[in-house]
Amino acid sequence: MENKTIARTLRLLSQLMELHEENPFKIKSVANAYFKVDKLPFALRDKPLDELDKIEGIGKGLASKIVELLQTGELQELNEILDRTPEGVVEMLAIKGIGPKKIFIIWRTLGIESIGELYYACNENRLIEAKGFGLKTQEEIKSAIEFKLAANGRFLYAQVEGFAKTLFTQLSVWTANIDDLALLGFAGQYRRACEIIDELEIVIGTEQIDAIKQNLPAFEPLSLIEAENSFICTTEAGFRIKLHVVEKSAFYLQWFTLTGNTEHVEKVLALAGNGPFANEEEIYSKAGLTFIEPELREDFDEIELAKANKLPTLIQYEDLKGSLHNHSTWSDGVHTLEQMAMYCKENLNLQYLGICDHSKTAVYAKGLNEQRVFGQHQEIDELNKKLAPFKIFKGIESDILSDGSLDYSDDILKTFDFVVASVHSNLRMDEAKATARLLKAIENPYTTILGHPTGRLLLSRAGYPIDYKKIIDACAANKVVIEINANPLRLDLDWRWHRYALEKSVLLSVNPDAHRTEGFHDMHYGILVARKGGLSADKCLNAFTLEEITAYFNSKRPN
DNA sequence: GCCGTTTTCGGCCCGACTGTTTTCAGTCG
């Protein structure tokens with residue numbers, strides 16, 4: 001069992017204990033153990049069982065719970081408390097903006113036991129009757145439920161990627177048994193590398209179309225049902241899959257048709273005619289267009305650009321020379337500064353690491369006060385001597401405070417090589433306030449990069465509203481780079497605004513926001529959306545070489 | 001339930017903000 005699973009189990013246990021009003025200090029210790037387990041730099045399953053209670057925050061009681069989890073995969077105490085809690089009440093824990101205390105009131109005093117009932121009660125204006133609830137809370141719960149319902153059956157790209165790849169391999173092997181010359185390809189949102197996937201589409205082109213169709217329901221990894229020209233299935237987790245089986249001669253046209261969005265496909269085919277086509281390249285060339293990568297087929301401006309032969313050369317993961325905006329054990333990271341640096345140097349073959357631990361206001365994350373900033377800089381200087389020519393840049397993820405100011409005085413700010421400014425608190429501002437707040441941070445001469453501009457968490461939280469054009473224009477005017485936060489939950493700046501930023505000559509940066517060494521790999525997801533946005537390597541800050549980015553930081557810093 | 005001793009039990013506690021209150025509780029990163 002992974003630490004993450006153990007941590008999640010402990011979190012659920014602590015939340016349920018709160019719902020059942022158990023001893024608050026017991027609850028706290030379980031919640032604390034969740035937090036600690038989540039931040040461990042080693043796997044609990046590799047640790048001798050009698051040493052678990054030596055870990056800080058884990059005593060005899062919690063150690064025995066973890067042993068039970070590791071050995072049986074279950075926790076009796078959790079099962080018992082789950083039995084005493086309606087399923088719908090447990091589901092409410094996933095609604096952003098309400099915690100166990102409010103759910104307790106909803107359940108016990110209003111008698112509401114499911115999210116559906118809760119939504120109904122909001123519409124009936126019944127929530128305001130309860131103590132501690134008012135009109136605003138009711139409205140907020142209502143919109144949080146709507147956001148959650150809209151996420152049903154939808155998944156992050158990163159959530160389905162592993163499953164999709166495995167399925168594709170299994171399907172390829174299975175198909176080859178019937179027709180070893182069959183053609184297979186992903187289509188739809190997955191091939192376009194959309195950040196959210198509603199449905200996984202795969203196209204099979206074969207000369208044995210009847211044999212494939214007859215046997216597909218026996219393809220064991222899925223329970224497929226024949227539908228209109230396709231086979232469909234929904235996994236237990238609610239993920240929809242659609243397989244299209246087509247004549248091999250029609251494969252490339254079908255693959256193309258099922259990949260791009262409707263408008264893109266219609267516009268290209270209007271230019272290309274009806275084929276037949278030997279491959280996708282031929283479709284575009286017959287349409288008088290240069291080849292358009294699948295990620296771009298969204299009917300933005302890609303057809304006009306292809307017509308004028310002005311499509312950007314899309315950035316690739318291999319173009320990245322370094323990684324900016326990452327955390328270490330100095331704040332809330334799991335691995336030490338040296339471990340993070342060594343991983344970039346040895347495993348990822350990068351030239352530099354930008355370390356951006358949290359600033360002092362982020363107390364919950366061990367944010368660095370002025371003395372610790374100084375201490376970290378000393379360690380960086382030492383490591384830079386040791387690791388040369390690899391370079392660690394002194395960065396900080398400075399909170400943007402409610403009034404838009406940064407978290408340190410200019411005297412401290414000027415000691416950094418670069419500053420990522422981002423919002424972590426007071427996320428519920430309206431558009432005017434949130435925009436003004438960001439504008440002030442962008443205009444600060446020490447701001448190098450605007451971090452996750454909207455604070456959104458895909459499928460979970462909308463993020464505060466901002467006036468994108470004003471923000472991007474201000475970044476252009478103040479030479480501030482905008483982050484593409486590569487965490488698959490964020491992917492913020494949204495790719496739909498990359499083009500506008502690039503038109504305004506704003507640089508973008510694919511930042512993993514890594515809190516452990518494995519986190520660097522999220523840059524893969526950042527690259528996928530950056531490609532959708534039309535980013536080329538020369539417009540990406542962390543595709544700059546060490547020399548180039550050093551010069552860039554030096555030119556940006558006020559004297 | 002954990003910790004740190006005062007080796008047997010008492011103390012554990014982020015701060016800002018918001019919405020609900022009329023002085024504070026819940027939630028968040």
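The chains referred to below are lettered A, B, ... by the order of the sequence lines, with proteins before strands, and numbering in each begins at 1.
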inquiry  = For the P atoms, the ones on B:dG4 and on B:dC14, what distance do you get once it is rounded to whole angstrom?
reply    = 16 Å
ask   = So, A:F25 and B:dC2: ring centres less than 5.5 Å apart, planes less than 30° off, yes or no?
value = no
message = Closest approach to the side chain of A:Y364, judged atom by atom: which nucleotide of B:dC14, B:dG19, B:dG1 is it?
response = B:dC14
note = Checking B:dT27, B:dT20, B:dC2 against the side chain of A:K136 (C-beta onward), the nearest is B:dT20
ask   = Taking the six-membered ring for Trp, is the centroid-to-centroid distance between A:F104 and A:H20 below 6.0 Å?
value = no
ask   = Charged N to carboxylate O under 4.0 angstrom, A:E18 versus A:K28?
value = no
request  = With heavy atoms under 4.0 Å as the rule, sort A:I58 into base, sugar-phosphate or nothing.
outcome  = sugar-phosphate
message = Categorize A:G97 for me: base, sugar-phosphate, or nothing, with a 4.0 angstrom heavy-atom threshold over every strand shown.
response = sugar-phosphate
key: Between B:dT8 and B:dC13 - P atom distance, rounded Å   = 23 Å
Separation of the C1' atoms in B:dG26 and B:dT20, to the nearest angstrom = 10 Å
query = So what does A:K60 touch, heavy atoms closer than 4.0 Å: a base, only the sugar-phosphate, or nothing?
reply = sugar-phosphate
inquiry  = Would you measure the distance from the P atom in B:dC28 across to the matching atom in B:dT23 and give it in whole Å?
reply    = 26 Å
remark   = Closest to the side chain of A:L427, out of B:dC17, B:dC28, B:dG19, is B:dC28
query = Base, sugar-phosphate alone, or nothing: which one does A:S402 contact when heavy atoms must sit under 4.0 Å apart?
reply = sugar-phosphate
ask   = Quantified in whole Å, what is the P atom distance between nucleotide B:dT6 and nucleotide B:dG11?
value = 14 Å
query = So what does A:I128 touch, heavy atoms closer than 4.0 Å: a base, only the sugar-phosphate, or nothing?
reply = nothing
task = For B:dG10 and B:dG15, measure between their C1' atoms and round to the nearest Å.
result = 26 Å
ask   = What is the distance from CD of A:E18 to C1' of B:dA25, rounded to the nearest Å?
value = 12 Å
query = Should the ring pair A:Y352 and A:F393 be called parallel, tilted or perpendicular, given that the plane angle runs from 0 to 90° and is split at 30 and 60?
reply = perpendicular
inquiry  = Can you identify which nucleotide, out of B:dC17, B:dC14, B:dT27, has its nearest atom closest to the A:K102 side chain?
reply    = B:dT27
inquiry  = Distance to the ring centre below 6.0 angstrom and angle to the axis at most 45 degrees; does that hold for A:K102 and A:F133?
reply    = yes
ask   = Just checking A:T137: base, sugar-phosphate only, or nothing, at a heavy-atom cut-off of under 4.0 Å?
value = sugar-phosphate
query = If we call it a pair only when both distances are under 3.5 Å in a Watson-Crick or G-U wobble match, what pairs with B:dT8?
reply = none
